[in-house]
Trainee: 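First the structure, then my questions, so here it is.
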Amino acid sequence: MAYSGSTPVNMSEEVFDYICTACDRERKTLEAVKYCVECKDYCCQSCTDIHKKVSLLFGHNLLDVGQGSQAGNQPSNLPEFPTERCCVHKGKIIDMYCEEHNSVGCYVCIATDHKSCPESKIFSVPDMLDVLFNSSDSQQTEARLKQMMDVMSTLSQSKGTQLEALCEAKEKATEQVAKFQKVIETMVRNAADTSRKDIEEAYKKVEQEILQDKRNIDNTKNVLQETDEKLTKAASNRAQRFVCSKLAQKHIKDAELETTQHRTGVITNVQISFHPIHALKDYIQGLHGIGKVQIAGKKRIDLYKLKSSKDINIRVSGDTKTCYPLGCCLILDHQLLVTDLDNQKLKRIDAKTMTVVDQCSLGCYIYGICYIHKKEVAVGCQIPNKIQFISIENKMMPTRKIDTSHLCYGITMKDGNLYVTDWGASLYVYDMNGTLIRTITNDIAGNKLFGNSAHIAINNDGDKMFIGGWYKGIVCLDGKCTHISTIKDNDLNVIDGVCTDGRGNIFVVGPGSHNVVQYNEDGKKIGVVVKQEDGLKSPRSIAFHPGDKILFVTMDGSDVIKMFDLE
C-alpha cells in the first residue's frame with residue numbers, strides 16, 4: 001500500500017492508499033477522501049468539510065481520490081483545472097473561454113457578457129484543454145510577459161526618478177518662496193524704516209521751528225518786562241519817562257506783530273500724521289500668492305493641431321452696435337474677459353457654458369486688458385486716455401484710474417509694473433501708482449522699434465516680451481526691455497494679438513491674413529495653427545488656456561469670438 005514518505009509520530013497501524021496532506025503535516029495519519037485541485041492537497045473528511053464552510057475555500061474543485069494514482073502523495077494523471085478566481089464574480093473559477101473575443105472568464109461572465117457569441121465559440125477550459133492549449137503560444141506569452149515586466153520595471157524606475165526630481169523641485173521652489181519672502185519683508189522693513197525716519201525728520205524740523213519761536217517770544221517778553229520796570233523807575237523823571245514810554249510803544253508794536261505771526265501756532269497744536277498707501281495694501285490683499293507657481297513640463301516643439309471650433313456669442317441686451325472685441329484675457333475659474341470697443345463695455349464670459357455672465361459699461365473706448373490679481377484687471381482706454389482698473393471680485397465695476405497723455409492700447413503687467421503700448425511708436429512703463437518710469441521707442445542703434453505697437457505677451461520666465469507691431473512685425477525684448485529681434489513673416493499680413501502657451505511657444509494673429517501662426521520663443525516659425533477656412537476672419541486678440549489647450553480669438557467687428565480646441 002502507498003503512504004506518505006514521512007514518518008508520523010502518531011502513526012496509526014492502518015495503512016491507507018491516500019492520506020490527508022494537511023493532517024500529515026501535523027503528524028497525523030488520516031485517510032483522504034478528496035483531492036483539491038487548487039490546494040493541490042489530499043483532504044480527509046474533516047478538511048473536506050472545512051472546504052465547504054470557509055468562504056475562501058468554497059468552490060474549490062474537489063475530486064474523488066480514485067480519479068488518479070498517488071506517487072509520493074502527489075496527484076498523477078488527474079484532470080487539470082484552472083485555479084484563478086474571477087475578480088468580478090467572487091468565488092467563481094475562471095474556467096470558460098470565448099474564442100470570438102479570445103478571452104476567458106467564469107461561467108457567469110460568459111453567460112452575461114458573451115451571450116451573443118456563437119455557442120460553437122464557447123469552450124470549457126478543462127474539457128477542451130488539449131485543443132486549446134498550445135505550448136509554444138504559452139512560451140511566447142511568457143516571454144512577452146517577462147519583456148513587458150522589464151519595460152514596466154524601467155518605467156517604474158523612471159517614475160521613481162521623476163518623483164525624486166519632483167521632490168527636489170518642490171523643496172527648491174519652497175526655498176525660493178522663503179527667500180523671496182525675506183526679500184519682500186526686508187523691502188517692507190526698509191520702507192517702514194524710511195517712513196519712521198521721515199516722521200523723525202518732520203518732528204525735528206517742526207520742533208526746531210517751535211523752539212526758535214519760543215526763544216523769540218521769551219526774548220520779546222523779557223524786553224517788555226525790562227521796559228515796564230524802566231517806566232516804573234522813571235515815575236519822578238518826566239524826561240526819562242517820556243523816552244521810556246516811546247521805547248515801550250515801539251516794543252509793544254513789535255510784540256503785536258510777532259503775536260500776529262505766531263497766533264496760529266499758539267492756538268493750534270501741530271500734528272504729524274501718517275497716511276498709509278492703501279493701494280499697496282489692496283494690491284497685496286488681492287494677490288493669489290507672492291509669485292506664480294507653474295508645472296514646468298517639456299517644451300512643446302511641434303505644431304498644435306486643430307480638433308474642433310465653437311462660436312461664443314458676446315452680444316448682450318443693451319448693445320446698440322455690432323460688437324468690436326479688441327482685447328481679451330483669461331482669469332481664474334475658466335472665465336474670459338473681453339473688451340467691446342464700440343459698445344464701450346467689458347464683458348465676462350464663462351468659458352464652460354460659453355455665455356456672457358457679467359458686463360460693465362465704461363463710457364469710453366476700451367482696447368487691451370490684463371490680469372492684475374484675483375480681484376482686479378486693468379484696461380487700456382481712449383477718450384479720455386487712461387488706464388482704468390476694474391474690480392472683478394463680484395460684479396465688475398470701475399475703481400481707480402491712471403491718466404495718461406497717450407492712447408492706451410495693449411497692456412500687461414510684469415514685476416509689479418504696467419507695460420502699455422500706444423498704437424503708435426512707443427512702449428510705456430508705469431508703476432502701480434501711475435508714475436511713468438520709462439518710455440521705449442528705439443533700439444540701441446537708435447532705430448524705431450514699433451509701427452502701431454499693439455498687444456503684448458510675456459513668457460513664463462518673464463525674460464522675454466513679445467509686442468505685436470501692426471506693420472513692423474513681432475518685436476521681441478528681453479527682461480530689461482532691450483531689443484532682441486523682430487520677427488517678420490509672409491504668412492502674417494499685419495500683426496495685432498499675441499499670447500504664449502506656457503510651453504515655449506507664442507501664438508500670433510494676422511488680421512489681414514485671417515490666421516493664427518505659432519512660433520517658438522526664439523522666433524522660429526512652427527506653422528499655421530488656424531486658417532481662414534477654419535472660420536477665422538480679421539482676428540484681433542488672442543488668449544490660450546494651457547490646461548484645456550483652448551485658443552480664444554476675437555474678431556474685428558463681430559458678435560462672436562472663436563473657441564478653438566487644439567491638441
Trainee: Which pairs with one or both residues in residues 116-140 pass ring-ring contact (aromatic ring centres under 6.0 Å, His included), sequence neighbours excluded?
Mentor: none

Trainee: Less than 3.5 Å apart, which donor and acceptor atoms pair up between the side chains of residues 534-554 and the rest of the protein, not counting sequence neighbours?
Mentor:
from, atom 1, to, atom 2, distance (Å)
D534, OD2, K531, N, 2.8
R540, NE, D496, OD2, 2.7
R540, NH1, D556, OD2, 3.1
R540, NH2, Y409, OH, 3.1
R540, NH2, D496, OD2, 3.2
S541, OG, T554, OG1, 2.6
H545, ND1, G547, N, 3.3
H545, ND1, D548, N, 3.1
H545, NE2, H334, NE2, 3.4
D548, OD2, H334, NE2, 2.8
T554, OG1, P325, O, 3.0
T554, OG1, S541, N, 3.1

Trainee: Between D522 and K464, is there a side-chain N and carboxylate O pair less than 4.0 Å apart?
Mentor: yes

Trainee: Measure across I314 and V356 and return the closest heavy-atom pair with its distance rounded to 0.1 Å.
Mentor: CA-CG2, 3.7 Å

Trainee: Indicate whether any N or O donor in one side chain lies under 3.5 Å from an N or O acceptor in the other, for Y519 and D489.
Mentor: yes

Trainee: Any idea which heavy atoms bring M96 and S124 closest together, and the distance?
Mentor: SD-CA, 4.0 Å

Trainee: Identify every side-chain donor-acceptor pair in residues 109-116 under 3.5 Å, counting partners at least two apart or on other chains, and give the distances.
Mentor:
from, atom 1, to, atom 2, distance (Å)
T112, OG1, V108, O, 2.8
T112, OG1, C109, O, 3.3
H114, ND1, H101, ND1, 3.2

Trainee: Quick one: list whatever passes side chain to side chain contact (heavy atoms under 4.5 Å, CB included) with M354, sequence neighbours left out.
Mentor: K310, I312, M563

Trainee: Can you spot which of K305, R300, K299 makes a salt bridge (Lys or Arg N to Asp or Glu O under 4.0 Å) with D302?
Mentor: R300

Trainee: Let me know which of I411, V475, V498, T412 forms a side chain to side chain contact (heavy atoms under 4.5 Å, CB included) with I456.
Mentor: T412

Trainee: Residues in side chain to side chain donor-acceptor pair (under 3.5 Å) with N459, at least two apart?
Mentor: D463, E521

Trainee: Decide whether D24 and Y42 meet the rule of one side-chain donor and one side-chain acceptor closer than 3.5 Å.
Mentor: no

Trainee: Closest approach of A454 and I495, non-hydrogen atoms and distance?
Mentor: CB-O, 4.4 Å

Trainee: Thinking salt bridges, do D319 and K347 make one under a 4.0 Å N-O criterion?
Mentor: yes

Trainee: Do R348 and D358 sit within salt-bridge range, that is, some charged N less than 4.0 Å from a carboxylate O?
Mentor: yes

Trainee: Are C370 and C329 close enough, and set up right, to give a side chain to side chain contact (heavy atoms under 4.5 Å, CB included), and what steps lead you there?
Mentor: CA-CA 6 Å; C370 76; C329 79; 5.9 Å; no

Trainee: Does some side-chain heavy atom of I390 sit less than 4.5 Å from a side-chain heavy atom of L337?
Mentor: no

Trainee: Quick check: closest heavy atoms across I484 and L477, and the distance to 0.1 Å?
Mentor: CD1-C, 3.7 Å

Trainee: Kindly give the heavy-atom pair with the smallest separation between P118 and E100, and that separation in Å.
Mentor: CD-OE1, 4.0 Å

Trainee: Which pairs would a plain distance check flag for residues 140-153, meaning a side-chain donor or acceptor within less than 3.5 Å of a matching protein atom at least two apart in sequence or in another chain?
Mentor:
from, atom 1, to, atom 2, distance (Å)
T141, OG1, D137, O, 2.9

Trainee: Using only heavy-atom distances, determine whether the side chains of Y304 and D501 contain a donor-acceptor pair under 3.5 Å.
Mentor: yes

Trainee: Would you please say whether a donor-acceptor pair under 3.5 Å links the side chains of Q162 and K159?
Mentor: yes

